[in-house]
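Values reported hereafter were calculated over all heavy atoms of this structure, with side chains retained and with hydrogens, waters and symmetry mates removed.
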Amino acid sequence: MRYVIITSKHHDGFSMFDTATTDYDIVDATPYGRDPLKLLADECRRQGLGFGFYFSLVDWHQGHEFDGGNNNPIPPSMEPVIEAQIRELMSQYGEISEVWFDMSSPTVAQSERFAGIVRGLQPHAAINSRVWNNVGDFRTLGDNEIPSVPLDGTWQTPASIYHETWGYRSWQQRDDLPGKIRDLVVGLTGVRARGGNYLLNIGPRGDGSMVEFEADVLRGIGDWLARHPGAVLGASATRFGGQPWGEVTVNGSNLYLHVTDWPQSGELRLPGLATRVRGVVEDGAGALDWRMDGDDLVVSLPDRPHDQILPVLRVALAGELRIIPPNTVDARGAWLLTDVERGYSHTDTGSYGSTRRTTVRHTAYLVTDRAERVSVTVRGTADPDARYRVAVGGQARVVTGAALTGGAVGPFTVRPNQVTPVTITLAAPTHQGQDLGLTVDTTLVAATDRLVGWLDAPTHLETGATTEIPVLVTNPRREAASGSVALRVPNGWTTGEPVSFTDLAPGRTVEARIPVTVPADAEPGPASLAVDLSAGGRHLELAGQVAVVLPNVAVGRPATQVSTAWGGVPGRAVDGNTAGDYLVDNSASHTAEPSYQAWWQVDLTQRYQVDAVEIWNRTDCCTERLSDYWVIVSPEPITTNSLAEALATPGATAVHLPEAAGRPTLVDVDGATGRYVRVQLKSTSDPLTLTEVVVRARQ
């Protein structure tokens, strides 16, 4: 532990400290008659620990009515008490490390005023985001939340030994000590591997003593940390992200592999490691055999791990950690960067319920075998007046949104034989969670001495359909260019005529929309499209890959679900909109927390031979709610709420997906005959939320 946070006042308004604002406090209203927080603050300093406060902005004693969501506004009559109590806490207990505000729904002015008091009296204290309106220093996630994706900026997960409670419960079942230690160690490593701070709560008894079982849990976590020095404390996140077998941290020249799921194959694979490896050991057990398979580190494992709580492999590196991201594009002269890594954060508009996930960064990666002078062309939409920072390696340019999507940005120099990130962020965000206001469809990085023909093809084309495909020409050269552009397609497909362009100015892009028809009997699978560019001078022609798929027979069909809580209309999951921001564009469905397994279902109105089902998760938050679920395809109506009974529907084909759904997760149902498609959780208490269900089928 590095510091302690103690509840100074919770929603009931009872102050656990000596306050002049009310007699409803531990000094004036109890026989104890002393200030325990002063004693704790002094002892923490003697022990070398930081000290901080939890402080509820909801106060039932001062006049707030009970609200199940704790979103009470703060009336002017309560402001003096809140401000005076914050001043007392910030001035009477020595140096404060962190101030953890909670709940309520303050105005922007109130949030700024409360945070301002802290900063004025305790300039080194970190303020959490639940002071609201984005004026805190770091973002507090939901209770016990481990984000499914890495987050940019500073953030924290507040966890509890028992996820259901934050206080003492005499009836809490306390058993399986190793299992509880493992559960919390996995949470700790998951948060640290994604760059977060882990705040672990315990619930002492009414006399202040710790529950013996919880003390043993904390000692067990401490023992695990001692067995794996450097794996968590002092370690940092990496860009490897979550792996099928676990998590990755780095500390100096040591890479730590936290193996939450010991591979039954006997081998562990870490993809994209560019730094030379000196050796691999299992902490506490000795050296392991390993080899490099291209850029992948492959470690040979024993049948069972040495550490039964959470085994850790330590990889000794010969230098600074270098990674080759999986979406790195290797080319010469021009790079079409379509697989973009997004950096996420959060924002709010003044309350817990208004918090949503934001995109704060776009990054793609390229590599080449020779130095190039390049420019960056972004195709998408942006706030025209916002100022964006475009960085290529260590070089950067600041441009408006209009200039970013309206021309080429540069020049930049790309160095040979190294991975170069191409990153777009806001130049001066108002807070770390401010959304980019940018949608990037494609990024073209091209040498400044040649014309480039490229296409912004969709990810898939449906059989029997005609689609207009954007074919583009970008001119990074110093002089204007003229010519024509066409599209080459597979045999049997039809396409439109070439399109001419004249005097295309330097730094500009011209777009031609050329229709392409895929035959109805075309075989599903990958297909190549290529640009045919006719122009004077040096030029490059870039090809693209698309997937030929069967038609989506679910769009617009009648849908139902177990409940329509939170405004979660079931038809949103078959409306063709995969955007996935439930709080902004209403493109996701939602159910309540039922006492049985939550489900969503579509009636295709007739039977089809179903090839595959695509499940699209949300993008704003809560992606973990669509995990450990079943996809059921049935020719007969599924009329039960019970998962077991749904799986037993005559003729049904069911697939279990234990992990969180992606965007999308492709579920192969191998030609099952079905009219009804259901998505149902295994959990008996969690809500179900999903963005889109696509059913690919033959008539």
* Does a side-chain heavy-atom distance below 4.5 Å link His258 with Val232? -> yes
*Can you tell me if Trp454 and Thr474 form a side-chain donor-acceptor pair at under 3.5 Å?*
yes
Under the criterion side-chain hydrogen bond (donor to acceptor under 3.5 Å, both in side chains), I'd like the reasoning laid out for Asp348 against Ser354: C-alpha separation, chi angles, the key distance, then a yes or no. CA-CA 5 Å; Asp348 70 82; Ser354 70; 4.5 Å; no
Residue set satisfying side chain to side chain contact (heavy atoms under 4.5 Å, CB included) with Arg361, at least two apart, ordered chain then number -> Asp152, Arg239, Glu341, Thr363, Thr423, Thr425
pair Phe101-Ile86: side-chain heavy atoms closer than 4.5 Å: yes
Closest heavy-atom pair, Leu438 versus Ala382, reported as atoms and distance to 0.1 Å, is CD1-CB, 3.6 Å
With sequence neighbours left out, the residues meeting salt bridge (Lys or Arg N to Asp or Glu O under 4.0 Å) with Asp339 are none
What I want to check is whether the side chains of His346 and Thr358 have a donor and an acceptor closer together than 3.5 Å.
no
The reported gap from NE2 in His590 to CH2 in Trp600 (rounded to nearest 0.5 angstrom) is 15.5 Å
_His11 and Ser56 side chains, donor-acceptor separation under 3.5 Å_ = yes
In this structure, OG1 of Thr328 is separated from CG of Asp330 (nearest 0.5 Å) by 9.0 Å
With sequence neighbours left out, the residues meeting ring-ring contact (aromatic ring centres under 6.0 Å, His included) with Tyr198 are none
Tightest non-hydrogen contact, residues Ser563 and Ala592, listed as OG-N, 2.8 Å
Practice problem: Given side-chain contact (heavy atoms from CB on, under 4.5 Å), test Glu692 with Arg663 step by step and report yes or no. | Solution: CA-CA 9 Å; Glu692 193 75 8; Arg663 290 189 47 79; over 6 Å; no
With sequence neighbours left out, the residues meeting side chain to side chain contact (heavy atoms under 4.5 Å, CB included) with Ala364 are Leu337
Residue set satisfying side chain to side chain contact (heavy atoms under 4.5 Å, CB included) with Gln545, at least two apart, ordered chain then number -> Pro526, Ser528
By side chain to side chain contact (heavy atoms under 4.5 Å, CB included), Ser683 pairs with (sequence neighbours left out) Ser685, Asp686
Is there a donor in the side chain of Glu372 and an acceptor in the side chain of Thr413, or the other way round, less than 3.5 Å apart? no
Quick one: does Val613's side chain get under 4.5 Å of Ile615's, heavy atoms only? yes
Rounded to the nearest 0.5 Å, the CD atom of Gln110 sits from the OG atom of Ser104 at a distance of 7.5 Å
Those residues at least two apart in sequence (or on a different chain) that pass salt bridge (Lys or Arg N to Asp or Glu O under 4.0 Å) with Arg572 are none
Smallest heavy-atom separation, Val574 atom then Arg557 atom, equals CG2-O, 3.4 Å
### Message
Does Glu164, at its CD atom, have more than 12 non-hydrogen atoms belonging to other residues, nucleotides or ligands within less than 6.0 Å?
### Response
yes
What's the verdict on side-chain contact (heavy atoms from CB on, under 4.5 Å) for Glu83 and Phe114, showing C-alpha distance, side-chain angles and the deciding distance? CA-CA 7 Å; Glu83 293 176 12; Phe114 301 154; 3.8 Å; yes
All heavy atoms of Asn617 vs all of Thr623, minimum pair found to be ND2-O, 3.0 Å
Would you check, one step at a time, whether the test side-chain hydrogen bond (donor to acceptor under 3.5 Å, both in side chains) holds for Arg2 with Asn197? CA-CA 11 Å; Arg2 300 294 178 86; Asn197 170 271; over 6 Å; no
inquiry  = side-chain hydrogen bond (donor to acceptor under 3.5 Å, both in side chains), that's the test. Do Gln561 and Ser589 meet it? Break it down for me.
reply    = CA-CA 9 Å; Gln561 61 193 39; Ser589 178; 2.4 Å; yes
Sequence neighbours excluded, the answer for salt bridge (Lys or Arg N to Asp or Glu O under 4.0 Å) partners of Glu593 is none
One should read off an interatomic distance between Gln434 CD and Thr430 OG1, to the nearest 0.5 angstrom, of 3.5 Å
Do other residues, nucleotides or ligands put more than 12 heavy atoms under 6.0 Å from the CZ atom of Arg415? no
Residue pairs passing the side chain to side chain donor-acceptor pair (under 3.5 Å) test with at least one member in residues 394-410, sequence neighbours excluded, are none
Could you give me the CA-CA distance, side-chain angles and deciding distance for Glu98 and Tyr3, then say whether side-chain hydrogen bond (donor to acceptor under 3.5 Å, both in side chains) is met? CA-CA 9 Å; Glu98 182 175 313; Tyr3 64 98; 2.7 Å; yes
Next on the checklist: Are Met103 and Tyr352 packed together at the side-chain level, in the sense that at least one heavy-atom pair is separated by less than 4.5 angstrom?
Outcome noted: yes
Applying ring-ring contact (aromatic ring centres under 6.0 Å, His included) to Trp100 and not counting sequence neighbours gives Tyr54
Sequence neighbours excluded, the answer for salt bridge (Lys or Arg N to Asp or Glu O under 4.0 Å) partners of Glu79 is Arg113
Contacts of Phe53 meeting ring-ring contact (aromatic ring centres under 6.0 Å, His included) (sequence neighbours excluded), chain-then-number -> Phe51, Tyr93
With Pro106 as partner, the option from Ser351, Ser111, Pro73 fulfilling side chain to side chain contact (heavy atoms under 4.5 Å, CB included) is Ser111
